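See below for the structure under consideration.
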Amino acid sequence: MLARQRQAVILEETRRSGAVRVSELVHRLGVSDMTIRRDLDVLAGRGLVEKVYGGATNVAPAGGDLDRDPCARQRRLHTAIAVEAARLVRPGTAVGLSSGAASRSLARVLEPVPDLTVVTNSLAVADIAAASARPDRVVVLTGGVRGESDVLVGPLAVQSLRGLHLDLVFLGVHGIAERSGCTVPSLSESEADRALVEAGRTLVVLADHTCWGVAGIATVAALSDADVLISDDGLDASARDILAARVGELVIAKSPDTDTTPTA
């Protein structure tokens with residue numbers, strides 16, 4: 001069975017039952033655990049399923065009301081942030097993308113940019129970028145050991161990134177805070193993220209408003225290291241003031257849920 005056929009089966013089962021487990025899909029489709037996880041990466045990268053521990057769930061609630069689905073709202077925020085981030089990318093440049101939902105959204109939004117080289121240690125981001133129909137798209141997936149969240153980590157990942165020179169690095173984060181800076185929840189991922197940051201000439205941090213005040217276990221970069229930080233209009237005024245004073249440039253993406261109806 002081809003990859004697209006497997007993914008169609010997985011998507012159909014997820015929509016029918018609301019959730020699927022990796023172990024059940026391995027048995028049903030007769031493929032390896034890694035193959036199923038890669039299929040789920042592709043489907044999640046396209047916004048068709050939501051990955052959870054041990055499997056995946058449907059992206060919409062049973063009633064199909066996306067406006068009441070927090071996962072759908074979060075995806076719209078990430079897309080809005082990705083659109084702003086894509087404005088910074090010029091044809092013929094080399095960009096680095098970390099792991100995370102915002103980075104996956106950006107990989108999709110960058111599809112129209114010609115002559116682009118995308119470097120990442122995220123299997124999901126690499127799958128999205130590699131699915132481009134553009135003949136001039138180059139995708140570089142680092143070496144390393146598969147860690148949490150399907151990210152390649154370890155000495156090989158760090159070493160491969162240290163030899164690169166990137167025009168822009170887009171860093172998705174777990175949290176941003178005044179004292180702890182830009183943080184992630186995994187020590188192993190933080191090492192690779194730091195190497196990615198060091199490889200870039202310009203650092204762009206992608207952090208929706210829910211990241212504010214959150215501190216993961218490891219700091220990847222100080223707020224002052226960010227040349228640009230892109231968030232959304234759910235970010236409160238005090239946070240905006242702090243970030244505007246610390247980062248090179250603060251960009252606020254307009255949330256698709258913002259009510260723009262004129263008041264009487």
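What you see is a predicted model; the values in this text were computed from it and never measured.
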Compare all side-chain heavy atoms of L196 with those of L171 and state whether any distance is below 4.5 angstrom. no
Is any side-chain heavy atom of L11 closer than 4.5 Å to one of V49? yes
Is it possible for you to say whether V95 and L206 belong to one hydrophobic cluster, with membership spreading through side-chain heavy-atom contacts below 4.5 Å? yes
Sub-3.5 Å donor-acceptor pair from the side chain of S132 to the main-chain atoms of E111, do we have one? no
Shared hydrophobic cluster for V125 and V139 (ILVMFWY, side-chain gaps under 4.5 Å): no
Drop me the distance from I217's CD1 to E189's CD, to the nearest 0.5 angstrom. 12.0 Å
Within a strict 4.5 Å, meaning less than it, do heavy atoms of the L243 and L235 side chains meet? yes
Are V83 and V251 grouped together when hydrophobic residues (ILVMFWY) are joined by side-chain heavy atoms under 4.5 angstrom apart? no
Rounded to the nearest 0.5 Å, the CG atom of L223 sits from the CZ atom of R179 at a distance of 12.5 Å
In the hydrophobic clustering (ILVMFWY, side-chain contacts below 4.5 Å, transitive), which residues join L152, or is it alone? L123, L141
Is there a donor-acceptor contact under 3.5 Å linking the side chains of S122 and T120? no
Shortest non-hydrogen contact between A239 and D236, atoms and distance: N-OD1, 2.7 Å
Rounded distance [0.5 Å steps], CG in L110 versus CZ in R134: 11.0 Å
Any chance the side chains of E50 and T57 put a donor and an acceptor closer than 3.5 Å? no
Report yes or no: do V228 and V89 belong to one cluster of Ile/Leu/Val/Met/Phe/Trp/Tyr joined by side chain heavy-atom distances under 4.5 Å? yes
Run the side chain to side chain contact (heavy atoms under 4.5 Å, CB included) check on R6 and T35 step by step: do they pass? CA-CA 10 Å; R6 287 196 312 272; T35 296; 3.3 Å; yes
Please give me the minimum heavy-atom distance between A82 and A102, naming the atom from each residue. CB-O, 4.4 Å
Check whether L97 and I176 end up in the same hydrophobic cluster, where Ile, Leu, Val, Met, Phe, Trp and Tyr are linked by side-chain heavy atoms less than 4.5 Å apart. no
Set of side-chain hydrogen bond (donor to acceptor under 3.5 Å, both in side chains) partners for H209, sequence neighbours left out: D232
In this structure, which one of D33, I36, D39 forms a side chain to side chain contact (heavy atoms under 4.5 Å, CB included) with L25? I36
Donor-acceptor check, side chain of T14 to backbone of V20, threshold 3.5 angstrom: yes or no? no
Tell me, please, which residues at least two apart from R90 pass side-chain hydrogen bond (donor to acceptor under 3.5 Å, both in side chains). none
To check you understand the geometry: which heavy-atom pair defines the closest contact between A177 and W212, and what is its length? CA-CZ3, 4.1 Å
Could you tell me the separation between the SG atom of C182 and the CG atom of L203, rounded to the nearest 0.5 Å? 7.0 Å
Testing the basics here: between V184 and G172, what is the closest heavy-atom pair and its distance to 0.1 Å? CG1-O, 4.5 Å
Closest approach of L106 and A86, non-hydrogen atoms and distance? CD1-N, 3.9 Å
Is a side-chain N or O of D136 found less than 3.5 angstrom from the main chain of D115, in a donor-acceptor match? yes
So do K51 and L43 actually touch side chain to side chain, heavy atoms under 4.5 Å? no
Atom CG of L88 and atom CD1 of I230: how far apart are they, to the nearest 0.5 Å? 5.0 Å
May I ask you to test the R146-R37 pair for a side-chain heavy-atom distance under 4.5 Å? yes
Nearest 0.5 angstrom please: D193 CG to T183 OG1, how far? 11.0 Å
Would you say that V9 contacts R28 through its side chain, given a criterion of any heavy-atom pair below 4.5 Å between the two side chains? yes
Does D167 use its side chain to pair, donor to acceptor, with the backbone of A94 at less than 3.5 Å? yes
Could you go step by step and tell me if V247 and V205 meet the side chain to side chain contact (heavy atoms under 4.5 Å, CB included) rule? CA-CA 10 Å; V247 304; V205 176; over 6 Å; no
For D208 and H78, work out which heavy atoms get closest and say how close. OD2-NE2, 3.1 Å
Please tell me if the side chains of I10 and L29 come closer than 4.5 Å, counting only heavy atoms from C-beta onward. yes
Before you tell me yes or no, could you show the steps for D227 and R201 under side chain to side chain contact (heavy atoms under 4.5 Å, CB included), namely the whole-Å CA-CA distance, both residues' side-chain angles and the distance that decides it to 0.1 Å? CA-CA 9 Å; D227 297 289; R201 185 175 62 191; over 6 Å; no
In terms of heavy-atom contacts, does CZ of R38 have more than 12 from other residues, nucleotides or ligands at under 6.0 Å? no
Would you indicate whether the side-chain heavy atoms of V197 and D225 approach each other to under 4.5 Å? no
Using a strict cut-off of less than 4.0 Å between a Lys/Arg side-chain nitrogen and an Asp/Glu carboxylate oxygen, indicate whether E191 and R194 qualify as a salt bridge. no
Quick one: does R240's side chain have a donor or acceptor within less than 3.5 Å of a partner on D233's backbone? yes
Verdict with supporting geometry, V145 and L156, side chain to side chain contact (heavy atoms under 4.5 Å, CB included): CA-CA 8 Å; V145 177; L156 287 177; 5.9 Å; no
